Number of protein chains: 2
Amino acid sequence: MKLTVAEENYIKSIYKLQDGSTAVNTNAIAYELDTKPASVTDMAKKLKEKRLIDYEKYQGITLTTEGRKLALQIVRRHRLWECFLVEKLSFSWDEVHEIAEELEHVGSEKLVNRLSEFLGNPTTDPHGDPIPDAQGKISKSKQLVSLDKATTRRLEVAGVSDQSSALLEFLHAKGVKLGTQIDVIERYEFDNSVEIKIKNQPAFTISEQVSKTIMVKPL
Amino acid sequence: MKLTVAEENYIKSIYKLQDGSTAVNTNAIAYELDTKPASVTDMAKKLKEKRLIDYEKYQGITLTTEGRKLALQIVRRHRLWECFLVEKLSFSWDEVHEIAEELEHVGSEKLVNRLSEFLGNPTTDPHGDPIPDAQGKISKSKQLVSLDKATTRRLEVAGVSDQSSALLEFLHAKGVKLGTQIDVIERYEFDNSVEIKIKNQPAFTISEQVSKTIMVKPL
DNA sequence: ATTATTATTTAGATTTGTCTAAATTATATT
DNA sequence: AATATAATTTAGACAAATCTAAATAATAAT
Ligand SMILES: [Mn+2]
Ligand SMILES: [Mn+2]
Ligand SMILES: [Mn+2]
Ligand SMILES: [Mn+2]
């Protein structure tokens, strides 16, 4: 099955957001792809028609087996190109994502496999994320880190280690929940507090205690 | 100026067909891009609007200085990727064109220049065609070969060394003219005749004498 | 149980790139 | 010069991917 660039980007985003087996919601995909929810609904109908996702109105989206297979191929291409850019063309790891976002859509299987071979069949990309093999087999993604130890600027909230309702309430009020993407604006050494920002919201600062409880993964 | 993939393909085709300074005609572009003349006219209006081509109804198309500059960038990317595929990924020279046709549209300047460096700044691609440098400077294209000495399967007619009207008439009747693309089907050793084919026409055989007069360039 | 808020979908429109069929212009032939 | 043929353009349509604004459904708050 040959997909358009737009379809591939959707499939990849759904794969990314569908951690474990939760159904992915429309708004999350729209945010991830920097588009509008209405566009996501439109595309959902097409991808369902092509049997790449399961989708019922208002019920969220999950990849079918076929969709997941394709997603893994795209992820494989993306991460292999990232390796190439860093290892062979001396790019730094923060420059490669955008470029790989385009290169991943060049579909030749032979190209991808030759590239992998050329790179010595790497198993992780420059960001530590695992690279699926030619059969789509992928090792479990890297373990989570607490926000206070994270080293990247853009992060995704993947869990909270302290389940106290007071903390959760605070986070909820601030708009922080599972899957929320945050940008680290600044880290203050004097008290190890961290200033963070969520898209379309004002930046705010959280204490070291809080930052220790937020489990994140780099994006 | 950021171009779409379609626009880039048109610009590149016009560059390719516009050898020297002849205006390129609609049908030639349509043939080259495997599309319809009506689509070429539509695109011509857009490219004129963007000041990448000079175009007046029924008068053919030529690149502007700006258009030529962009064409050379695309050609540069295409040929560098072909080098990469052959030299680094062990592709054979007849497999690389299609893939490079996609890779050429990844626009990052930094990527192209790093790639060139990585390859040792090559000056010709696997087909012997010159690679423009980062400033768009390109060495004159390789000299033409007569059809009987050509080594590639797909060729473009670039001239005729014998201008006798009888020969030209014959060629004209067969549909062979400047810019015609031909495929070599077979070469017969017993009399050095060559069976060739033009798109959408039945294959036919030409004698050694004729094949010596047809000047071609590999595609 | 209402009401307010948020998430999602629908309806209708736009842009890009393409097509077919018909009309027009240019070129070649008689 | 008239006519036939070839090249090109126009008119009208379509699919893909997107958007805005309005309608609807689900969820949360009172
Ligand atoms: Mn992409
Ligand atoms: Mn990565
Ligand atoms: Mn191309
Ligand atoms: Mn080439």
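Just so we're clear, the structure is a prediction, and the values are computed from it rather than from any experiment.
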**Q.** Spacing of Asn9(B) atom CG and Ile74(B) atom CD1 [to the nearest 0.5 Å]
**A.** 8.0 Å
Q. With sequence neighbours left out, which residue pairs that include part of residues 60-76 of chain B fulfil the side chain to side chain donor-acceptor pair (under 3.5 Å) condition?
A. Arg76(B)-Asn113(B)
Q | Results of side-chain contact (heavy atoms from CB on, under 4.5 Å) for Lys16(A) - residues two or more places apart only | A | Glu32(A), Leu219(A)
Q. Are there more than 12 heavy atoms of other residues, nucleotides or ligands under 6.0 Å from atom CD of Gln201(A)?
A. yes
Q) Could you give the start and end, 5' to 3', of the contact zone on DNA chain C for chain A, using atoms under 4.0 Å from its heavy atoms? A) dA7(C) to dT10(C)
Q.
Using a strict threshold of under 4.0 Å (side-chain N to carboxylate O), is an ion pair present between Lys217(A) and Asp129(A)?
A. no
Q) Considering residues at least two apart in sequence or located in another chain, which fulfil the side-chain contact (heavy atoms from CB on, under 4.5 Å) criterion with Ser207(B)? A) Gln209(B), Val210(B)
Q. Taking the nucleotide of DNA chain D with the closest heavy atom to each, which residue, Tyr55(B) or Lys57(A), is nearer the 5' end?
A. Tyr55(B)
Q. Do Glu95(B) and Arg114(A) meet the salt-bridge criterion of a basic N to acidic O distance under 4.0 Å?
A. no
(Q) Let me test you: for the helix from dA1(C)-dT30(D) to dT30(C)-dA1(D), what is the angle between the axes at its two ends (five pairs each), rounded to 10 degrees? (A) 10°
Q. In chain order, what residues pass the side-chain contact (heavy atoms from CB on, under 4.5 Å) check against Lys36(B), with sequence neighbours excluded?
A. Ser39(B)
(Q) Counting only heavy atoms and a strict 4.0 angstrom limit, can you tell me which residues of residues 23-36 of chain A come near DNA chain C? (A) Asn25(A), Thr26(A), Asn27(A)
(Q) For His105(A), give me all partners under ring pair (Phe, Tyr, Trp, His ring centres under 6.0 Å), at least two apart in sequence or on another chain. (A) none
**Q.** Residue pairs involving residues 24-68 of chain A (criterion ring pair (Phe, Tyr, Trp, His ring centres under 6.0 Å); sequence neighbours excluded)
**A.** none
**Q.** Rounded distance (Å) that lies between atom P of dA17(D) and atom CD of Glu49(A)
**A.** 14 Å
**Q.** Under the side chain to side chain donor-acceptor pair (under 3.5 Å) test, residues paired with Asp42(A) that sit two or more places apart
**A.** none
Q: Kindly compute the distance separating CD1 (Ile214(A)) from CD1 (Ile196(A)), expressed to the nearest 0.5 Å.
A: 5.5 Å
Q: Just jot down the salt bridge (Lys or Arg N to Asp or Glu O under 4.0 Å) partners of Glu208(A), sequence neighbours excluded, or say none.
A: Lys212(A)
Q: For Glu56(B) and for Val5(A), find the nucleotide of DNA chain D with the closest heavy atom, then tell me which residue's nucleotide is more 5'.
A: Glu56(B)
Q | Nucleic acid contacts - residues 37-46 of chain A versus DNA chain C, non-hydrogen atoms under 4.0 Å | A | Pro37(A), Ala38(A), Thr41(A), Lys45(A)
Q: Check the distance between dA26(D)'s P and Tyr58(A)'s OH and give it to me in whole angstrom.
A: 7 Å
